[in-house]
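Inspection log for the structure reproduced underneath, given as structure tokens.
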Amino acid sequence: MTFIQQQRDTRRGRRALVAGSVGNLIEWYEFGVYGYFATIIAARFFTPEGGSEAEALVRTYASFALAFFFRPVGAALFGRLGDRVGRRPVLVLVITLMTVATTLIGVLPTYAQAGALAPWLLTFLRMLQGLSAGGEFGGAVSVMTEFAPPGRRGLYGSWQSFTVALGLLAGAGAAALLATVLTAEQLGAWGWRLPFLLTLPLGLGALWLRLRLDETPVFVAERFEETPPPREVVRAVALGAGRIMGWAAAGYTFLVVLPSYLQSSLGATFQQALLATVLANLGFAATIVPAGLLSDRVGRRAVMVTGAVLVVVLAVPLLNLLRDSGVSNTVKGVAVCGAGAVVGLMAGPGPAMLSEMFPTRVRHTGLGLAYALSNAVFSGCAGLIITETIERTGSVDIPAYYAAAACAVSVPALLTPASARRAGVPKPGVERAG
């Protein structure tokens, strides 16, 4: 390979990294904003006359969960399209759908303005977001890992998870800024709309980047290769979903559900809850890329199992520490930051690990479905399950039990060898990572 060709491939790889990850950033920015403003959205869309705040919050999280349950549908629909016609056109389509749906949430009428129609309109837009998000992950990770240089899939794939952290931080930052400069009345009346409207210019920028994206050489070379048997693909999807369920549950518990939990169960203010979320996401962001890079050296499973075991051991002590009035806020801040860092150990290697489980011919569909199914159950339902269970049991340890249990189940799945791959098998040296 000539020097000029190497430089061209490097530029294409970097362009794919940016174009692939920017849509993911927007997606998680929006999901973060929805989670951070859950109590406000509940009051504006799900609280008719006589309804309780707890009831409205549960309905808000139900809408939140519904969007996640449309992710597998989007993963199957757009994944099939991506495996047939290419990664690039699908990534252009899903970022357009996500941008339109999110922007429209910012102009929706509330329950007071449109009555019972308001929550249905919000739920419909959440469904569209779920569809687009389902197609986003498989396409973005396929592009990143298929453009990755040899021995760098973990590093390139980790940028998908890193943009999750950036998106959640951006959402938390926007919420914190608005909570600081606006009064509570202004924030509830119209301020909550601004972060959703900001998606429009962000989405247009992402669309421009993706229109300039090349199709991956691996897809062009192997698109007509033999398709593996459906049974083998289904087995790999189920195993992949099991491997990342701990990442999904712990990530949403500590990074998204935390604000509402701190407010409703521990009496924290909106600003305090957002600060805790920012610290958790900073810890999350700090470990993702190093974890992905480390997985290129020691294997994906070793790094991910370490993160899952740490969540099992530390989840309950973390919540006990947050409730302890004798512990300083500084120590609590460090603990929350550490919790995010542990989740990063699973999120860094996760995308590359899923990508390496599937051949090129079904990669977009397979890894997208594994991710979407796991997140539909263990991320999308996190807020609903935790809130409802706390209401019924009165136990404020439920979030810790939830995250720890999911991670405990992930460990044996991570230690189970992946099924045989028929086409597009990763080059020698990567098998230990699968």
Side-chain angles (χ1 to χ4, degrees), residues 23-24 26-35 38 41-42 45-46 55-82 90 93-94 97-98 100-102 104-105 108 119-141 164 167-168 233-234 237-253 255-257 260 350 354 364-389 399 402-403 405-406 409-410:
N24 196 61
I26 294 173
E27 172 197 336
W28 285 87
Y29 160 81
E30 187 282 328
F31 272 99
V33 165
Y34 190 90
I41 291 173
F45 287 89
F46 295 98
E55 207 176 301
L57 190 57
V58 167
R59 290 175 183 169
T60 304
Y61 278 132
S63 174
F64 194 81
L66 184 64
F68 272 93
F69 276 98
F70 270 83
R71 284 189 175 203
V73 179
L77 175 66
F78 292 117
R80 187 66 173 157
L81 192 62
V90 170
L93 180 59
V94 295
L97 183 59
M98 173 63 79
V100 171
T102 305
L104 287 176
I105 288 179
L108 277 184
W120 284 108
L121 289 174
L122 177 62
T123 301
F124 173 70
L125 293 178
R126 297 292 297 167
M127 290 162 50
L128 294 183
Q129 288 177 320
L131 287 174
S132 63
E136 171 68 34
F137 181 86
V141 172
V164 171
L168 292 174
V233 176
V234 170
V237 168
L239 179 60
R243 286 178 166 190
I244 65 169
M245 63 182 286
W247 164 22
Y252 249 81
T253 299
L255 305 177
V256 177
V257 174
S260 296
L354 286 176
H364 191 155
T365 305
L367 73 89
L369 271 175
Y371 182 81
L373 287 169
S374 190
N375 275 271
V377 177
F378 300 103
S379 288
C381 292
L384 183 61
I385 292 172
I386 290 170
T387 304
E388 184 70 16
T389 307
Y402 180 76
V409 176
S410 272

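Side chains are part of it too, since the values below use all heavy atoms of this structure and drop only hydrogens, waters and symmetry mates.
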- Does the side chain of Leu354 come within less than 4.5 Å of Val141's, by heavy atoms?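 Contact flag for Val141/Leu354 side chains = no.
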
Measure across [X] and [Y] and return the closest heavy-atom pair with its distance rounded to 0.1 Å.
X	Y	answer
His364	Gly138	CD2-C, 3.4 Å
Ala406	Met245	O-CG, 3.7 Å
Pro72	Ala372	N-CB, 3.6 Å
Gly246	Ser410	N-OG, 2.7 Å
Arg71	Glu27	NH2-OE2, 2.7 Å
Asn375	Ala248	OD1-CB, 3.9 Å

- Message: Could you walk me through whether Phe45 and Leu108 satisfy the side-chain contact (heavy atoms from CB on, under 4.5 Å) test, starting with their C-alpha distance in whole Å, then the side-chain angles of each, then the deciding distance to 0.1 Å, before giving a yes or no?
- Response: CA-CA 10 Å; Phe45 287 89; Leu108 277 184; 4.1 Å; yes

- Query: For Leu93 and Val90, what are the C-alpha separation, side-chain angles and deciding distance, and is it a side-chain contact (heavy atoms from CB on, under 4.5 Å)?
  - Reply: CA-CA 5 Å; Leu93 180 59; Val90 170; 5.5 Å; no

- Query: Would Ile41 and Leu122 count as a side-chain contact (heavy atoms from CB on, under 4.5 Å) if you check the C-alpha gap in whole Å, the side-chain angles of each, and the deciding distance to 0.1 Å?
  - Reply: CA-CA 10 Å; Ile41 291 173; Leu122 177 62; 3.9 Å; yes

Between atom [atom1] of [X] and atom [atom2] of [Y], what is the distance when rounded to the nearest 0.5 Å?
X	Y	atom1	atom2	value
Glu136	Asn24	CD	CG	5.5 Å
Leu128	Phe70	CG	CZ	9.0 Å
Phe378	Leu373	CZ	CG	10.0 Å

- Using a strict cut-off of less than 4.0 Å between a Lys/Arg side-chain nitrogen and an Asp/Glu carboxylate oxygen, indicate whether Glu30 and Arg126 qualify as a salt bridge.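 Here Glu30 pairs with Arg126 in a salt bridge, since their nearest N and O are under 4.0 Å apart.
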
- Is the backbone N or O of Ala75 less than 3.5 Å from a side-chain atom of Thr365, with the two atoms forming a donor-acceptor pair by type?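 No; judged by distance alone, with no hydrogens or angles, the pair does not exist.
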
- Message: If the condition is ring pair (Phe, Tyr, Trp, His ring centres under 6.0 Å), which residues does Tyr371 pass it with, not counting sequence neighbours?
- Response: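 Tyr371 satisfies ring pair (Phe, Tyr, Trp, His ring centres under 6.0 Å) with Phe137, Trp247 once adjacent residues are dropped.
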
